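Input: a single structure, listed below in structure tokens.
Numbering starts at 1 and runs along the sequence shown. Just so you know, ligand 1 is whichever comes first in the structure, and atom 1 is the first atom listed for that ligand. Here the structure is a predicted model, which means the values were calculated and not measured.
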Amino acid sequence: MQFSVITLFPELVESVVAEGVVGRAEKRGLMELKCVNPRDFTEDVHRTVDDRPYGGGPGMLMRPDCLLKTIRSERERLGKAKVIYLSPQGKPLEQSMLQALSEEGSAILLCGRYEGIDERVIDLEVDEEWSIGDYVLSGGELAAMVVVDGVTRLLPEALGHKGSAIEDSFTDGLLDCPHYTRPERIEDLDVPKVLLSGNHQHIEKWRKKQALGRTQLRRPDLLQNTELNESDKVLLIEFMKEIKT
Ligand SMILES: Nc1nonc1C(=O)NCC1CCCCC1
């Protein structure tokens, strides 16, 4: 997977590959991250990347000329890469979008700063606009790092245990079940006995029931989009009865 991140703050974005799963994936060549600074595509002596908005208004905008040059340079380098602009005006990010991008092989992530970018850049060169949530950050870099992290962990061999990414929350449209590790008892709280039973069928059933119940209680909206099979419906009914007792 090849990422090109267009940003005025390359060091900020490069920190995402400093540690952990993403860092190891980059070191193992599963993923490549290149940050490109639009300032390197300016032609004036002051290397100007921003300017005042037409029509007045607060703040500055990123200029279209250097952004278009940067995007086109990276399109040429990467070939058929999709250009994704991170902004609050974008499509809300979901796991399925990360999964799809992880199968694309490359992506160009465009990070805005100031009050945003000239709309003509979006008209001419942005394929998709994505949002990581309904709030405003100081720049698109953190959103781009979320995408890099979320995609990289889905790459085959990126996670130690193959099953991890597949069993994640949201992969099956549900929230994750509770997890426990040693010690067995802490502050009078015990690990659920089924997890100590060694009976993998019972453990799998308990985990699915917990995931279904949690989703119903915390994010019933997710269940609207999920077709439950008969056994899952029974598990959910059992869970809801148990919490009422
Ligand atoms: N929310 C978000 N999801 O993706 N990006 C987001 C963001 O808040 N980005 C910062 C803004 C800052 C002004 C320019 C355009 C990007």
Which residue supplies the protein heavy atom nearest to atom 15 (C) of ligand 1, what is that atom called, and how far is it?
-> Y85 OH, 3.3 Å

Of all the non-hydrogen atoms in the protein, which one sits nearest to atom 9 (N) of ligand 1, and at what distance?
-> G139 O, 3.6 Å

Close-contact set for ligand 1 against S87 heavy atoms, below 4.0 Å | 2 (C), 3 (N), 4 (O), 5 (N), 6 (C)

Report, in ascending order of atom number, the atoms of ligand 1 lying under 4.0 Å from any heavy atom of W130.
-> 4 (O)

Nearest-contact summary for atom 1 (N) of ligand 1 - protein heavy atom, Å = Y135 O, 2.8 Å

Hey, are S106 and Q2 close enough side-chain-wise for a donor-acceptor pair under 3.5 Å?
-> no

Atom CG of D50 and atom CG of L61: how far apart are they, to the nearest 0.5 Å?
-> 9.0 Å

among protein heavy atoms, the one nearest atom 7 (C) of ligand 1 is P88 CD, 3.6 Å

Would you say ligand 1 has an N or O under 3.5 Å from any N or O of G133?
-> yes

Separation of I122 CD1 from I117 CD1 (nearest 0.5 Å) | 4.0 Å

With side chains defined as the heavy atoms from C-beta onward, is the minimum distance between K91 and M97 less than 4.5 Å?
-> yes

Assess the side chains of Q99 and Q95: does a donor N or O sit below 3.5 Å from an acceptor N or O?
-> no

Quick one: which ligand 1 atoms are inside 4.0 Å of a heavy atom on A143?
-> 4 (O), 5 (N)

Answer with yes or no whether the side chains of E128 and W130 bring together a donor and an acceptor at under 3.5 Å.
-> yes

Numbering as shown, the atoms of ligand 1 that approach L86 to under 4.0 Å (heavy-atom distance) = 4 (O), 5 (N), 16 (C)

Looking only at heavy atoms, which two atoms of V136 and P88 are closest? And how far apart?
-> CG2-CG, 4.2 Å

Atom pairs and distances, donor-acceptor, side-chain atoms in residues 139-152, under 3.5 Å, two or more places apart:
{"unit_1": "E141", "atom_1": "OE1", "unit_2": "R113", "atom_2": "NE", "d": "2.9"}
{"unit_1": "E141", "atom_1": "OE1", "unit_2": "R113", "atom_2": "NH2", "d": "3.0"}
{"unit_1": "E141", "atom_1": "OE2", "unit_2": "T7", "atom_2": "OG1", "d": "2.6"}
{"unit_1": "T152", "atom_1": "OG1", "unit_2": "V148", "atom_2": "O", "d": "2.6"}

Short N/O distance, under 3.5 Å, between E115 and ligand 1?
-> no

Identify the heavy atoms of L196 and E184 that sit nearest to each other, and give their distance.
-> CD1-OE1, 3.4 Å

Contact check: L137 vs ligand 1, nitrogen or oxygen atoms, below 3.5 angstrom | yes

Can you check whether V136 has an N/O within less than 3.5 Å of an N/O in ligand 1?
-> no

for atom 3 (N) of ligand 1, nearest protein heavy atom and its distance come out as I132 N, 2.9 Å

Nearest to atom 13 (C) of ligand 1, what protein heavy atom do you find, and at what distance?
-> Y114 O, 3.3 Å

